[in-house]
Number of protein chains: 2
Amino acid sequence: MNRGKALHGTVGPSFARGAHDHTVCLEEAVQRAEALCEQRGVRLTKQRRDVLEIVWSGHRPLGAYDILAVLVQEQGRKPQPPTVYRALEFLQDQGLVHRVESLNAFVGCPLPGERHSCQLLLCRACGDSAEMVDPEAVESLKRSAGTAGFEVEKVTVELKGLCPRCASDRAGAGA
Amino acid sequence: MNRGKALHGTVGPSFARGAHDHTVCLEEAVQRAEALCEQRGVRLTKQRRDVLEIVWSGHRPLGAYDILAVLVQEQGRKPQPPTVYRALEFLQDQGLVHRVESLNAFVGCPLPGERHSCQLLLCRACGDSAEMVDPEAVESLKRSAGTAGFEVEKVTVELKGLCPRCASDRAGAGA
DNA sequence: TTGCTTTTGTTATATCGTTGCATCTATAAC
DNA sequence: GTTATAGATGCAACGATATAACAAAAGCAA
Ligand SMILES: [Zn+2]
Ligand SMILES: [Zn+2]
Ligand SMILES: [Zn+2]
Ligand SMILES: [Zn+2]
């Protein structure tokens, strides 16, 4: 259990680190990406797919230079920053990855294809993340902003704290 | 009207650019800061006050190097980046300024002294910002995260879009 | 093939933020 | 006043993040 639609208000493999088959998780993400790009008539080139796979190597947001380092390691070539940033831009445009503003990092989106504003949960201890969808909160924010006359175009929500595992680890450690 | 507590769900001079006496606005902010620091036994030194005043020179988030440039202009001395970052760290610790994650910038807080999670409205056209408090949304977010077993420590909410003035400007221009 | 568009390579540079250590300054004890 | 201490600042170098500008290559269609 706990794959796909999960706990109330959340989606995706929320903090499933170790509790799911991530090989399958990654494969499915790449397949979803391929299908979407095919369907949209855009090209998921090798560079872009490589970057997507690196981002999806875990559920932990990665910096552009982290991704670059992996590319260098994996390939004989010696890619440069623009390569990574261009791939990330494409993937963001297609809704396949999200930028984590408070970390200057990037993480795979478990819900590509659906236009959604995502709310990110970021563990400060282990670095893992999960995506949550709370339409009620987003509606409330848009309503409040609208009352002030503000036209909302993009909603960024990032919650920092402790994931279930790290929270219980700390509780067990005597806190 | 429209100074202090304002529209439902919002506080502070929300998008009051041109619609309020900003000289008074700034003076009051500095006075609040002085009172708070006095009360807490921390030192609002000249550097820190200078940086606070520069941040409060408008309601538009400023980058650390923008602040630095103003310092250089204003003073005979030639301050370095750490000076600005240290002052900003102090001001953040005291709740006097907020960091805007999605802009790598800083903006004055109209509600210092009260521990609050703020929601920022950021105009992509003119750069102005306003702080909004939507406790209902924050509660909803915490509830959803809690259901997933996540212990929330900090809530970051940033809404990008058009402020009332820029929205109506665009509407008038024929969009 | 040719011509056109998109993608990638490459170099350099811009922007944002930190480390480490020396020096100064406020404060208070002596 | 002198001295000891902690806090704050000055300063130089560096590290991390992101983009600009232009050349080369690759996909694609006529
Ligand atoms: Zn997974
Ligand atoms: Zn964790
Ligand atoms: Zn003002
Ligand atoms: Zn505006």
Side-chain angles (χ1 to χ4, degrees), chain A residues 33-34 37-38 40-55 60-72 74-94 96-107 122 127 156 158, chain B residues 33-34 37-38 40-55 60-72 74-94 96-107 122 127 156 158:
Chain A
E34 279 174 343
C37 290
E38 169 75 33
R40 292 172 182 165
V42 296
R43 289 162 50 195
L44 186 63
T45 61
K46 170 160 169 48
Q47 286 288 1
R48 291 166 175 174
R49 184 203 311 256
D50 285 354
V51 169
L52 180 64
E53 286 181 358
I54 292 166
V55 167
R60 176 191 180 108
L62 290 183
Y65 282 75
D66 296 331
I67 295 166
L68 183 59
V70 177
L71 277 179
V72 169
E74 281 184 353
Q75 311 182 344
R77 299 173 297 116
K78 178 92 177 160
Q80 301 298 314
T83 300
V84 175
Y85 281 101
R86 286 193 282 228
L88 286 170
E89 188 184 11
F90 170 86
L91 296 170
Q92 284 180 267
D93 288 348
Q94 299 303 320
L96 297 168
V97 309
H98 294 296
R99 179 182 164 80
V100 185
E101 300 291 353
S102 60
L103 297 177
N104 293 335
F106 304 84
V107 70
L122 308 168
T156 301
E158 299 178 4
Chain B
E34 279 175 342
C37 290
E38 168 76 33
R40 291 172 183 166
V42 295
R43 287 162 54 193
L44 186 62
T45 61
K46 172 161 168 45
Q47 287 288 0
R48 291 166 175 173
R49 184 202 313 256
D50 285 354
V51 169
L52 180 64
E53 287 181 358
I54 293 166
V55 167
R60 176 191 179 106
L62 291 183
Y65 281 74
D66 297 331
I67 295 167
L68 184 59
V70 177
L71 276 179
V72 168
E74 282 186 351
Q75 311 182 344
R77 300 174 295 116
K78 180 91 175 158
Q80 302 297 315
T83 300
V84 174
Y85 282 102
R86 286 193 282 228
L88 286 170
E89 188 184 9
F90 170 85
L91 295 170
Q92 284 180 267
D93 287 347
Q94 299 304 320
L96 297 168
V97 309
H98 294 297
R99 178 182 165 81
V100 186
E101 300 291 353
S102 60
L103 298 176
N104 293 336
F106 303 84
V107 70
L122 307 168
T156 301
E158 299 178 5

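Residue numbers start from 1 in every chain, and the chains themselves are labelled A, B, ... in the order their sequence lines are given, proteins ahead of strands.
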Partners of [X] by side chain to side chain contact (heavy atoms under 4.5 Å, CB included), sequence neighbours excluded?
{"X": "A:Asp50", "result": "A:Lys46, A:Leu71, A:Gln75"}
{"X": "A:Glu89", "result": "A:Asp93"}
{"X": "A:Ala64", "result": "A:Val84, A:Tyr85, A:Leu88, A:Phe106"}
{"X": "B:Arg43", "result": "B:Thr45, B:Arg48"}

Counterpart residues, side-chain hydrogen bond (donor to acceptor under 3.5 Å, both in side chains), relative to A:Glu158 (two or more places apart): A:Ser102
side-chain hydrogen bond (donor to acceptor under 3.5 Å, both in side chains) involving A:Glu101 - partner list, sequence neighbours excluded: A:Arg99
Side-chain heavy atoms of B:Ile54 within contact of B:Glu74, under 4.5 Å: yes
Under 4.0 Å protein heavy-atom contacts per nucleotide of nucleotides 6-12 of chain C, with B for base, S for backbone only and - for none: -SBBBB-
Those residues that, when tested against A:Glu34, pass salt bridge (Lys or Arg N to Asp or Glu O under 4.0 Å) (two or more places apart): A:Arg49
d(CG, B:Asp66; P, C:dA14) in whole Å: 16 Å
Spacing of B:Leu68 atom CG relative to C:dG17 atom P, expressed in whole Å: 12 Å
Opening and closing nucleotides of DNA chain D in contact with chain A, under 4.0 Å to non-hydrogen atoms: D:dT17 to D:dG27
Phosphate contact (C:dC16 OP1 or OP2) by B:Tyr65 side-chain N/O below 4.0 Å: no
